[in-house]
Amino acid sequence: SELPKSYDPRDVEPRWLEFWLSHDLFHADARAPKAPFSITLPPPNVTGSLHIGHALGTTLQDILIRWRRMQGFNALYMPGTDHAGIATQMLVERALQRDEGKTRHDLGRDAFLARVWAWKETYGDRIISQLKRIGASLDWERARFTMDEGSSEAVREAFVSLYEQGLIYRAHRLINWCTDCFTAVSDLEVDTVEEPGHLWEIHYPVVGEPERTLTVATTRPETMLGDTAVAVFPGDPRHGDLVGKRVRLPLTDREIPIVADDILVDPEFGSGAVKVTPGHDENDFECGQRHGLEMLSVIDVHGKMCDPAPEKYRGMTTAEARAAVLTDLEAGGFLGDTKDHVVPRGRCGRSNTIIEPLLSDQWFVRARPLAEPAIAAVKSKKTELFPPTFEKTYLHWMENIRDWCISRQLWWGHRIPAWHCQACGEITVARTDPSACESCGEARLVQDEDVLDTWFSSALWPMSTLGWPEKTTDLKAFYPNSVLVTGHDIIFFWVARMMMMGLHFMGKVPFRAVYFTPIVTDENGDKMSKVKGNVIDPLDVIAGASREKLIARAEENGAPPVAKKNIEKYFPDGMPPAGADALRFSLAALTTPSRTMRLAMDRVEGYRHFINKLWNASRFALMNLDGFDPDRFAEVIAGGLPRGGSHPFSLPDRWIFSRLAQVAGEVHDALSGYRFADAAGALYHFVWDELCDWYIELAKPALRADGGDFDAEARRFSTQGTLATVLELSLRLLHPFIPFVSEEIWHKLPRPKALPESLVVTLYPQPEATWIDAEAVQKMQLVMD
RNA sequence: AGGUGCGUAGCUCAGUGGGAGAGCACUACCUUGACACGGUAGGGGUCGGCGGUUCAAUCCCGCCCGCACCUACCA
């Protein structure tokens with residue numbers, strides 16, 4: 001059957017996907033007597049849809065998995081999705097507001113959660129089907145969810161035992177509060193950006209010295225209402241004598257002490273005196289602890305001024321209060337110079353709202369004891385990081401780690417397994433819901449309202465997906481994972497925390513290696529974002545999209561007008577359908593040890609051409625393999641390539657076999673070192689520059705020799721065999737990169753009967769030592785020169 | 001402020017202590033029985049700048065300039 005003149009992936013790819021799934025080729029049995037190789041898919045957000053970053057990570061993971069599977073490993077590619085606490089809850093809340101004009105509080109906790117679960121059922125599997133579309137050979141029957149029963153049990157076990165070990169505690173502390181998300185967030189979720197602002201000087205009258213004031217400088221004058229001290233540098237001649245005295249806090253009726261603090265105060269900066277607001281500033285909080293200062297909260301969870309602030313200002317937003325305070329200070333003659341000043345400001349990584357540091361009761365993980373083994377494991381290469389430069393990043397963060405605030409004032413997530421006694425106030429933390437306070441025996445218990453940070457369950461993911469805390473066969477077989485493939489943007493959020501939890505609970509690292517993929521950017525080098533409208537949807541690359549469709553999608557996502565211009569500039573004719581294979585090969589070929597990757601569409605087109613080239617080389621082979629017996633040929637070369645005799649292998653035959661063996665070695669070495677671009681490049685150049693440009697051209701005369709002549713027949717046989725065999729083996733080598741087209745061609749090619757039903761489970765070619773033929777390579781080089 | 005990375009052909013990017021590369025784009029020719037999603041031949045780069053080490057530097061070291069990212073408690 002002759003192949004069409006050019007390759008069209010559109011009907012081919014879905015067909016093979018169906019074949020693989022229906023033949024159960026991706027399932028890993030933990031009891032199989034094979035060496036394990038395991039990768040866990042970083043669980044995508046349950047409400048998410050596939051973006052190019054997923055496509056990259058998944059492609060690289062799948063290349064490794066398919067490669068090892070073909071090598072005979074018991075390869076497990078573990079799928080699952082993440083409940084993504086804040087993100088999902090906000091999405092559902094927005095829909096609720098839009099469609100019914102209601103808030104979650106209108107529904108109540110249980111009814112709202114029912115809505116979220118319903119949402120999850122409706123949209124939760126979208127990304128799963130998209131992952132299938134790009135060929136990810138995940139073991140779907142194992143698919144997990146971070147809030148399923150098993151994961152919830154793991155979360156509970158981890159929380160309770162960490163609490164029992166004193167590694168989780170509850171404390172009244174200064175935390176990062178997002179007034180928009182209405183929850184505490186961890187340090188990692190706060191983005192500090194420098195913004196233009198002002199530095200105001202305020203004169204605080206010194207008590208008992210009518211003529212004297214102490215001048216402080218601040219970028220947030222409204223917080224002065226919560227000041228509980230002024231700090232000066234010890235021994236500063238300007239105001240050293242004031243330590244121990246008091247100032248009167250303007251606009252209030254309070255007097256506050258003057259303290260000496262060499263950590264908070266830099267004598268070189270401003271007036272050398274600092275107002276201290278322990279309730280709303282991290283540094284001031286620590287200073288307050290050092291001096292036993294009172295801690296006042298004058299800003300509430302809504303971001304408005306509240307009670308200890310004078311009545312006049314209560315209910316104002318911080319911005320309103322700032323204006324009012326400045327006006328009043330000015331009127332009272334307390335205001336000094338004002339200067340422009342760049343201020344670092346914390347913004348919520350999700351809502352971009354200004355983060356208010358507030359005093360609050362929250363749960364924390366004591367991080368330092370958990371970090372120690374995680375540091376040692378990387379230093380000793382129990383877990384190896386690729387590219388190695390990320391070791392520094394990892395170690396620096398780990399060595400300076402701070403406690404992790406894990407409680408969130410949300411509803412969607414793992415409820416904290418802690419019960420507050422209504423009688424004595426003590427807290428009971430337990431593996432099973434308690435019926436009585438473990439301190440006083442009281443039966444009236446109320447469970448903590450808060451849920452855990454999404455990343456808490458993610459931190460347990462490599463264990464919980466394999467059955468932990470049960471001691472399962474899966475856990476024994478597939479933990480530690482062989483490698484984690486993820487973006488370096490979540491090295492702290494996720495990688496570091498999996499290391500800590502894995503080492504703590506399993507006593508072993510969660511994965512033997514981490515490969516950090518580049519972050520995909522657009523043509524301008526900007527990180528892709530829906531808001532910016534510069535997102536490339538991998539499904540558009542695969543299936544094609546008109547310019548109009550691309551623009552419509554960007555507008556749907558609320559992208560700015562510039563997005564439309566960029567689409568018109570970079571995609572005037574839309575995107576041609578490239579197919580999943582071309583996308584996969586491009587992503588692999590572009591993956592170098594760099595922090596970012598620009599997905600250049602002309603590269604994708606180039607690799608689409610490559611696939612077409614492979615297709616046509618195969619087409620040529622099929623047109624010239626009439627009467628070829630692959631089993632007989634396999635016998636002939638079983639003990640190496642015969643020289644002379646009744647099967648004369650020509651110089652090009654010996655050369656291409658030799659090159660194939662060498663390339664198999666190169667691919668093996670490259671993939672072993674996570675050098676995806678090198679592996680893809682070696683295959684690209686072998687197929688195009690050597691197999692197509694030279695071998696096929698040189699084979700033509702032998703293939704077309706007329707029958708009758710014994711020598712011609714023999715040459716024809718060995719040429720057919722070489723062509724068919726080298727092509728067949730090339731398809732195997734290529735399969736992890738381009739699974740669909742390789743499978744399609746492979747099934748049309750004559751091949752030995754003993755081979756399996758699918759390339760997925762066919763042995764990956766090894767660098768066959770008996771095929772290496774230095775003399776042939778050298779002579780062919782002369783021919784080519 | 002500190003840290004990390006980057007700066008190589010028009011564009012996007014590999015790479016190495018001794019010969020400077022790939023894809024796309026560009027030029028000329030070629031509708032050749034696998035493929036015009038192709039073939040053949042070609043043009044194009046003081047490898048950011050200045051010093052240093054070396055017999056030899058695009059590569060190693062120092063400084064400078066530009067860009068990106070990360071971390072951070074300077075009021």
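For the numbers below, each heavy atom of this structure counts, side chains included, while hydrogens, waters and symmetry mates do not. Residue numbering restarts at 1 for every chain, and letters A, B, ... go by the order of the sequence lines.
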Taking B/U4, B/G15, B/G39 as options, the one with an atom nearest any side-chain atom of A/Trp688 is B/G39
Relative to the 5' end of RNA chain B, which residue comes earlier, A/Tyr607 or A/Asp191, by the nucleotide with the nearest heavy atom?
A/Tyr607
Using purine N1 to pyrimidine N3 plus N6-O4 or O6-N4 for Watson-Crick, or N1-O2 and O6-N3 for G-U wobble, both under 3.5 Å, which nucleotide pairs with B/A25?
none
Paired nucleotide for B/G7 [Watson-Crick or G-U wobble; both distances under 3.5 Å]
B/C65
Measure CG/A/Asp678 against C1'/B/G15 and give the value in whole Å, please.
9 Å
Considering every strand shown, what is the Watson-Crick or G-U wobble mate of B/C37 when both distances are under 3.5 Å?
none
Taking a pair to mean Watson-Crick or G-U wobble geometry with both distances below 3.5 Å, B/C70 pairs with B/G2
Quick check: any donor-acceptor pair below 3.5 Å linking the side-chain of A/Lys5 to the base of B/A36?
no
Electrostatic pair A/Arg751-A/Glu728, nearest N-O below 4.0 angstrom:
no
Can you tell me if A/Glu666 uses its side chain to pair, donor with acceptor, with the backbone of A/Asp678 under 3.5 Å?
no
For B/G17, the Watson-Crick or wobble counterpart (both distances under 3.5 Å):
none
Does a side-chain heavy-atom distance below 4.5 Å link A/Thr486 with A/Phe516?
yes
Taking a pair as Watson-Crick or G-U wobble with both distances under 3.5 Å, which nucleotide is matched to B/U54?
none
Show the nearest heavy-atom pair for residues A/Glu294 and A/Pro278, with the distance to one decimal.
O-CG, 3.6 Å
With a 3.5 Å cut-off and just heavy-atom distances, do the side chain of A/Glu697 and the base of B/A34 make a donor-acceptor pair?
yes
Specify the separation, in whole Å, of atom CD1 of A/Ile491 and atom P of B/G3.
18 Å
